[in-house]
Structure formats: C-alpha cells, structure tokens
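Ligands are counted one by one from 1 in listed order, and the atoms in each one are counted from 1 as well. The basis for the numbers below is simple: all heavy atoms, side chains too, and nothing from hydrogens, waters or symmetry mates. What you see is a predicted model; the values in this text were computed from it and never measured.
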Amino acid sequence: MLKKIDAMLAEVENLEAHSAEDIEALRIKYLSKKGSITALMADFRNVPADQKKNVGIKINELKNLALEKINSLKAQFNTSDSDSIDLDITRTAYPIQLGTRHPLTLIKNEIVDIFSRLGFSLAEGPEIEDDWHVFGAMNFAEDHPARDMQDTFFIQSHPDIILRTHTSSVQSRVMEHTQPPIRIICPGRVYRNEAISARAHCFFHQVEGLYVDENVSFTDLKQVLLLFAREMFGEGTQIRLRPSYFPFTEPSAEMDISCNICGGKGCAFCKHTGWVEILGCGMVDPAVLELNGIDSKKYKGYAFGMGVERIANLKYQVKDLRMFSENDLRFLKEFEAAN
Ligand code: DAH
C-alpha cells in the first residue's frame, strides 16, 4: 500500500492540464466518490493496525497534494476561463437605459429627409442673429411691424443683436457667400416674445427651404410642396395655396393640406373646414436676391417656411404646445416606438 501511495504522490506532483475540462477530469479521477484517492481511503480499514499510522499520514499527504495541485491548476486557468464564456468585463454593471429622440427631432428629421431626397442640402445659421440677417436682408422695411419689440427679443445694450424670429435668416446667411444654384433646407429654433400658452410659446422650431437657380418657377414650388405633403401625410393628401403676403416673397402664398385627422370631412382640429395651414411660401422677391448679392435678372428662386410643432401636432395630435418643452418623461416615452 505504501508503495502504491508513493507512486500516486509522484503522479499527482506532475499533473498537467490544458483546459478547464482537463482539470475537472483530474478532480473526478482522484477525488470524486469513485476517485482513486477516495478508494484508497476506503481501503484504509484493511491496513494492519501497526501500519495504520504511517499509511494514514501518507494518504492524507496524498489527498492534500491532489487538492492543492488541482486548485493551483484551476487558478492558472481562471483568466482564460472568463474569456471563453464571452464575458465583457468592460461593460457597466447596471442596465443602461437608452433615451429616445424628442418628437420634434423625429419630425424635423423626417422633413429634412424628404427634402434631401429631392436634392436639398442641409444649412444652418445662428440663433443669436443680427437685425440685418433676420430683417434687413429679407426685405423688411425699417418700420415693418415684425421688428416690433413685442415680437422680437432684443438685447437692451446691443439693439442690433436679436434672437432670430424665423429661420428665413439662414437664406441670407447662405446667399451672401454662395452663388446659385442654391438648394437648401434649414431647420432650427426661433424665438418670439409671446405669452406662453397651450397654443403659443416664446420659442419654437421651423424649417426653411430655398431654391435659387435659372428658370425656377412657381410650378416647381407647387410640385415640390405637393410631393412633400404626400410623403409626410400620406398619398391621398391634397394641397391648396392661398394668396398671402411676406416681405421676402412675391407672389406669396400660404399652403393648406387636407386635414389628415378627419380626412377632410371637418373636425375640431381643422375648425370644420377640412383644411389646415402648414406653411408659408412664394417666389423669392428679386429685391431679396439683390440685397444678398445675387443677380435677379439671371436668377429666380422660391422659398418656403414651416413650423415643426404644427406638423408634429398634425402627426401626433399633441393638444398643448408646452408638452414639447416640459421634458415630462411620460410624454417623451410615448414616442419610443417612433424611434
Ligand atoms: N418666415 C416666415 C414666418 O416665420 C415663414 C415663411 C413664409 C418662410 C414664406 C418663407 C416663405 O421662406 O417663403 O412666418
């Protein structure tokens, strides 16, 4: 028996393993219920009494060596162990809650996408603007009521610096350093000095469009807007243009679409007319081209501007404008699916 134990001690001393499975196999071979060391211990009761002490010490030595050896082999494999079970130790320990895009961003992206497909490229300008880009270059007369303190946020010490009241200022920002053809779509935030209510806010969002080239006509404008309306609100959508006035377009129009909430039959949203206004548009006034360094004899243009909140209301039927800026998570989470 002592010889056998000595042989096993030598064997265990030289144990090797190449994988976690090897180690488990060794544990089973020596230390499990049916393992060879366990069997030796069972045999112990047959050892003659005078040898029991020596044999007992040896068997314990063997068992401890086997345990130690297997544990040290395990430690050696521990790192590669974790690799093999596809563990990302750089991951944050808690589940990361992903945010969702704001409904106005979803609508803005959709508008910009539609016009990108029609060849318009993105242009942006500053929200803090000067009087020239917001009004002067857009052909607003010196005494135009839109310059009134009631509409525009001025900085008292610098009356020339204002918060832009419309994204039409980006038209001028682009025209002053670009010659036609110009085909741009300009989303952005605008500010007006209005009392905040369900229907008005002191800031909101617009998307401006501008196309300047040779031979641009009102027909081109109408067709592009019809395509836009159908992409945005569905194939069956109708549009109608009503004459209007803007200082920077001549002729000017406002565009209505058939109410997509009642399908044109008449409802509270469209005030029972079957139509809702969504944008202003027109042919760029030649004076605007000239004010911005573009030859109005050679080039013509069209422009349009729409409110993003208005389009979002039509799409999502949000009754109170303030919802868009209150950051109430219950409201924002409603748009998770649209992301
Ligand atoms: N800037 C106008 C507004 O804020 C909207 C607008 C109307 C823009 C007609 C245009 C346009 O480009 O042609 O009410």
Hey, which atoms in ligand 1 end up nearer than 4.0 Å to a heavy atom of [X]?
X	answer
Gln206	3 (C), 4 (O)
Gly282	13 (O)
Thr249	13 (O)
Gln171	12 (O)

Do any N or O atoms from the side chain of [X] and from the backbone of [Y] form a donor-acceptor pair under 3.5 angstrom?
X	Y	value
Lys69	Glu13	yes
Thr152	Phe154	no
Gln179	Gly293	yes
Arg192	Thr165	yes

- prompt: Hey, would you say the Tyr316 and Phe335 ring centroids sit under 6.0 Å apart?
  reply: yes
With the threshold set at under 4.0 angstrom, would you say Met138 reaches ligand 1 through any of its heavy atoms?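 No, that is not the case, since the closest heavy atom of the residue is not under 4.0 Å from the ligand.
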Would you say Met306 contacts ligand 1, with heavy atoms under 4.0 Å as the rule?
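False for this residue.
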Is it the case that ligand 1 has an N or O less than 3.5 angstrom from some N or O of Ala303? yes
message = Can you tell whether the side chains of Arg310 and Glu277 come within less than 4.0 Å, N to carboxylate O?
response =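 Between Glu277 and Arg310 there is no salt bridge, as every charged N stays at least 4.0 Å from the carboxylate O atoms.
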Starting from [atom], which protein heavy atom do you reach first, and at what distance in Å?
atom	answer
atom 2 (C) of ligand 1	Phe248 CZ, 3.9 Å
atom 12 (O) of ligand 1	Glu208 OE2, 2.6 Å
atom 14 (O) of ligand 1	Arg192 NH2, 3.9 Å

* Asked: Does a side chain donor of either Glu336 or Thr100 reach within less than 3.5 Å of an acceptor in the other side chain?
  ->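 Side-chain D/A pair, Glu336 to Thr100: absent.
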| Residue that, paired with Arg173, satisfies salt bridge (charged side-chain N to carboxylate O under 4.0 Å, His left out) out of Glu208, Glu124, Glu129 |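 For Arg173, the salt bridge (charged side-chain N to carboxylate O under 4.0 Å, His left out) test succeeds with only one of Glu208, Glu124, Glu129, which is Glu129.
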Exercise. Is it the side chain, the backbone, both or neither of Ser168 that has a heavy atom closer than 4.0 Å to ligand 1?
Worked result: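 Side chain only.
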